[in-house]
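Since we're looking at a predicted model, the values are computed, not measured.
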Amino acid sequence: MASSPADPSLQTEAPQASVTKERRLNPDLQEQLPKPYLARAMAAVDPSHPKGTEGRDTRGMSVLQQHVAFFDRNGDGIVYPWETFQGMRAIGCGFFTSLVVSFLINLVISYPTQPGWLPSLLLSIHIKNIHKGKHGSDSETYDTEGRFDPSKFDAIFSKYGRAHPNALTKDELKSMLKGNRNMYDFLGWITAAGEWNLLYSVAKDKDGLLHRETVRGLFDGSLFERLQNSKKSS
């Protein structure tokens, strides 16, 4: 860790708030990545990927939209439950898990993304409005408009990656989920836990670690493409 700044206003730890010492921030991020405070609309950036996932066509979509677009199997801008199911199967999830998860995802997210007041009986998710489906008790790496916040992404690992600076163990993942909880946000707690535990189950390495690059790929959807290609080649 860098030495404490001479300017007290730049301190990231408060002596009377032990949680600020337990969940540390990276004071050197600005030297590692240009303007880490600036949320990126179309690129999931970190110090190792200052331009995001290079060679990838964003199609003008926000990072959150890119994350969801993998499940739009026919490319019409709308994700139906059967498309979510197909996407889940494509990344290696089992039949029953894919069936349950696809129904729950579309059930929860469908209505907030509708273009009007009427709900969709087909539980469709409209990608152009996906920012309206953002839930609480998350890492806040996506801002409320679906941009990617590099400082929030970095904080996932600076706060909770204790055993390995660029990876999370299962226990560290649990600590992060607990630390991100907003008061009385029960739906957010459940949704965040479901998302992260599903990610861990399909993308952890042989040592049970969830790596930074894996998580970064989750946010812009490039991880889904890699998992799909890996499954096809196996």
field: Pairs touching residues 96-124 that satisfy ring-ring contact (aromatic ring centres under 6.0 Å, His included), sequence neighbours left out
entry: none
Check: [Y] main-chain N/O paired with [X] side-chain donor or acceptor under 3.5 Å:
X: N182; Y: G136; answer: no
X: T113; Y: I130; answer: no
X: D57; Y: R59; answer: yes
X: D46; Y: H49; answer: yes
X: Q11; Y: D7; answer: no
X: S102; Y: L99; answer: yes
X: T20; Y: A14; answer: yes
X: Q66; Y: G221; answer: no
X: Q65; Y: G146; answer: no
X: N106; Y: S110; answer: no

With sequence neighbours excluded, what pairs up with [X] under the side-chain hydrogen bond (donor to acceptor under 3.5 Å, both in side chains) test?
X: N129; answer: none
X: N180; answer: none
X: R89; answer: none
X: T141; answer: S139

Under 4.5 Å between any side-chain heavy atoms of [X] and [Y], yes or no?
X: K231; Y: I91; value: no
X: N197; Y: L199; value: no
X: M42; Y: R147; value: no
X: E213; Y: S48; value: no
X: L198; Y: M88; value: yes
X: L173; Y: T169; value: no
X: I125; Y: F71; value: no
X: L168; Y: I156; value: yes

State, to 0.1 Å, how close [X] and [Y] come at their nearest heavy-atom pair, and which atoms those are.
X: S124; Y: Y80; value: CB-CE2, 3.5 Å
X: P150; Y: L38; value: CD-O, 3.4 Å
X: G188; Y: H135; value: O-ND1, 4.1 Å
X: I78; Y: N74; value: O-OD1, 4.4 Å
X: L25; Y: A155; value: CD2-CB, 4.0 Å

message: Using the rule salt bridge (Lys or Arg N to Asp or Glu O under 4.0 Å), only one of R24, R216, R212 pairs with D154; which is it?
response: R212
task: Check side-chain contact (heavy atoms from CB on, under 4.5 Å) between L118 and all other residues, then give those that pass, not counting sequence neighbours.
output: none
- request: Could you pull out all residues at least two apart from Q32 that satisfy side-chain contact (heavy atoms from CB on, under 4.5 Å)?
  value: N26, D28, L29, P47
- request: Report the C-alpha distance between K21 and E13 in whole Å, list the side-chain angles of each, state the deciding distance to 0.1 Å, and finish with yes or no for salt bridge (charged side-chain N to carboxylate O under 4.0 Å, His left out).
  value: CA-CA 5 Å; K21 187 173 182 179; E13 298 176 10; 5.5 Å; no
- request: Kindly indicate, with the supporting measurements, whether the criterion salt bridge (charged side-chain N to carboxylate O under 4.0 Å, His left out) is fulfilled by E22 and K159.
  value: CA-CA 7 Å; E22 295 167 4; K159 286 183 177 183; over 6 Å; no
Are [Y] and [X] connected in a single hydrophobic cluster, I mean Ile/Leu/Val/Met/Phe/Trp/Tyr linked by side-chain heavy atoms less than 4.5 Å apart?
X: M176; Y: L210; answer: yes
X: I105; Y: L218; answer: yes
X: V79; Y: V101; answer: yes
X: W196; Y: F153; answer: yes
X: L177; Y: V202; answer: yes

message: Is a donor from one side chain sitting under 3.5 angstrom from an acceptor on the other, for N166 and H211?
response: no
task: Indicate whether any N or O donor in one side chain lies under 3.5 Å from an N or O acceptor in the other, for T191 and E195.
output: no
Restricting to ring-ring contact (aromatic ring centres under 6.0 Å, His included), what partner residues turn up for [X], sequence neighbours left out?
X: Y200; value: none
X: F70; value: F224
X: W189; value: F186
X: Y184; value: none

Pairs where residues 161-180 contributes a residue and the test salt bridge (Lys or Arg N to Asp or Glu O under 4.0 Å) is met, not counting sequence neighbours: none
- prompt: Got more than 12 heavy atoms from elsewhere within 6.0 Å of CG, L10?
  reply: yes
message: Less than 6.0 angstrom separating the ring centers of F148 and Y142, yes or no?
response: no
Distance (rounded to the nearest 0.5 Å) between Y160 OH and S158 OG: 9.5 Å
